[in-house]
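Input: a single structure, listed below in C-alpha cells.
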Amino acid sequence: MGEPWRDAPSWKLTEEISEAAGEDVAGLLLDTPDEQLRRTDLAQLAVFTVSVVAHAEALRTGAFDGQRVVACAGHSLGEYSALTAAGALTVPAAAALVAARGRAMRGAAEGRAGTMGVLVAAPLDDVEELTGRIRAEGLEVWVANVNAPGQTVLSGSPEAIDRIEAEGPSIGAKMIRLKVGGAFHSPFMAPAAEALRTALRGTAFAPAHLPVVAGVDAAAYAGDCDWPDLCERQLTSPVLWEPGVRTLVGPLGCRRLVELGPGRTLAGLIRRIAPDTETVSLDRPAALA
C-alpha cells in the first residue's frame, strides 16, 4: 500500500504517525509480510496512514481546488481518517486513537473467537430475519456492515457464521468468508469498547469542523455531538455505510464522492448505492491529476 506514495512529499507524515502510534509505520507499509500485516492492529494503522497521506497529498497538489468540500465519511476505521480530514482530530491524535483501537480490538478478538462473512444477493430485511432466527436458536450472530444493496456483512461465533452460510441459499444469498481476526462490530467487541473509552475521553476533538457522517447512525455531525461516544459505540454497532452514502448524496447534496486511500472498494459500493453520483478513487499519486 505504501509503495506508490513513498516519494510523495506528504510521506513525511509517516514519521509523525509512527511517533504517535509507537510503531514503525514506514516499515509496515513497505516491508511487512502479508501474514503479519493481517494482524488487526497493524492493518488498521497501515490503512489509516495511507488514507491520511493521500488526503494530505491531494491538498498539497491542489486536487480539490475549485471544488467545495461538503462533508467527510469513513467506513469503520475510515471514520478516523474522515475525522482527520474534516479537522475534528489532528493527525497525531487520530494516529494514537487508531493504535489504541487496533490493540483493543485485537485483545477482544483473542479473548473470544469470532469471525465474519459477507452475504451477497439478498435484501437486508431477509438477512436480518435470518440472523434473528439463528440468534433465537441460541447462536450468536449479528449484522456488522450494511455495505450496499445486496451486500451485508455478518459477525459472530464461527458456529453461527457456519450456520448462516448453510442457510443463506434459503434467502437467495451466497456467503463469502472474510479473513479477519475476530467478530468485529458486534457485542463480541464490548471489551474493546471499554478499553478504548479512556483514550477517547482523553482526546481533544475540535468543537467545530466539516460535517462527518457517523457510521453508527448515518447522521452528519459538525462538532455538535459526543464523538467519543460515537466512536466507542462504533465498535459494537453495525457500520451503516449504505445509509451514510445516502446522507452524503441526499441531505448534504454531495455530487462527487472522492475515495482516499488504498484500493477502490468504497467507490464500487457507492456505484451500487448511488449510481448517478460521480466517484473518484485517489489510490496513488498519479490519480491526483
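The figures that follow rest on heavy atoms only: side chains count, while hydrogens, waters and symmetry mates do not.
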How about [X]: does its [atom1] atom have over 12 heavy atoms from other parts shown lying under 6.0 Å from it?
{"X": "Arg135", "atom1": "CZ", "result": "yes"}
{"X": "Glu128", "atom1": "CD", "result": "yes"}
{"X": "Glu129", "atom1": "CD", "result": "yes"}

Pairing of [X] and [Y] as salt bridge, 4.0 angstrom limit:
{"X": "Arg38", "Y": "Glu35", "result": "yes"}
{"X": "Glu16", "Y": "Lys12", "result": "no"}
{"X": "Lys174", "Y": "Glu165", "result": "no"}
{"X": "Arg103", "Y": "Glu23", "result": "no"}

Using only atom types and a distance under 3.5 Å, with no angle test, would you say the side chain of [X] pairs donor to acceptor with the backbone of [Y]?
{"X": "Thr14", "Y": "Trp11", "result": "yes"}
{"X": "Ser155", "Y": "Phe184", "result": "yes"}
{"X": "Thr236", "Y": "Met189", "result": "no"}
{"X": "Thr247", "Y": "Pro243", "result": "yes"}
{"X": "Gln151", "Y": "Leu119", "result": "no"}
{"X": "Thr152", "Y": "Asn145", "result": "no"}
{"X": "Asp224", "Y": "Ala222", "result": "yes"}

Under a 3.5 Å threshold, yes or no: a donor from one side chain and an acceptor from the other, between [X] and [Y]?
{"X": "Ser76", "Y": "His185", "value": "yes"}
{"X": "Gln67", "Y": "Arg255", "value": "no"}
{"X": "Thr131", "Y": "Arg163", "value": "no"}

Original post:
Between His55 and Phe64, how do the two ring planes meet: parallel, tilted or perpendicular, split at 30° and 60°?
Top reply: tilted
Subject >> Stepwise side-chain contact (heavy atoms from CB on, under 4.5 Å) test for Glu242 and Asn147 >> reply: CA-CA 5 Å; Glu242 180 185 342; Asn147 279 344; over 6 Å; no
Original post:
Any ring pair (Phe, Tyr, Trp, His ring centres under 6.0 Å) pairs touching residues 97-146, not counting sequence neighbours?
Top reply: Trp142-Phe188
Subject >> Criterion side-chain contact (heavy atoms from CB on, under 4.5 Å) on Thr90 and Thr84, from CA distance to verdict >> reply: CA-CA 6 Å; Thr90 65; Thr84 305; over 6 Å; no
Subject >> Same apolar cluster (I L V M F W Y, side chains within < 4.5 Å links), Leu240/Ile270 >> reply: no
Original post:
Any chain of hydrophobic side-chain contacts (each under 4.5 Å) joining Val180 to Trp241?
Top reply: no
Which donor-acceptor pairs under 3.5 Å do side chains of residues 279-289 form with protein atoms, sequence neighbours excluded?
{"residue": "Thr279", "atom": "OG1", "partner": "Arg271", "partner atom": "NH1", "Å": "3.2"}
{"residue": "Ser281", "atom": "OG", "partner": "Glu259", "partner atom": "OE1", "Å": "3.1"}
{"residue": "Asp283", "atom": "OD2", "partner": "Arg264", "partner atom": "NE", "Å": "3.1"}

Original post:
Can you name the nearest heavy-atom pair linking Ala220 to Leu252, along with the distance?
Top reply: CB-CD1, 4.0 Å
**OP:** In sequence, state the C-alpha distance, the side-chain angles, and the governing distance for Arg201 and Asp229, and then conclude on side-chain contact (heavy atoms from CB on, under 4.5 Å).
**Re:** CA-CA 9 Å; Arg201 294 296 171 187; Asp229 177 67; 3.8 Å; yes
Subject >> Partner set under side-chain hydrogen bond (donor to acceptor under 3.5 Å, both in side chains) for Glu232, not counting sequence neighbours >> reply: Arg197
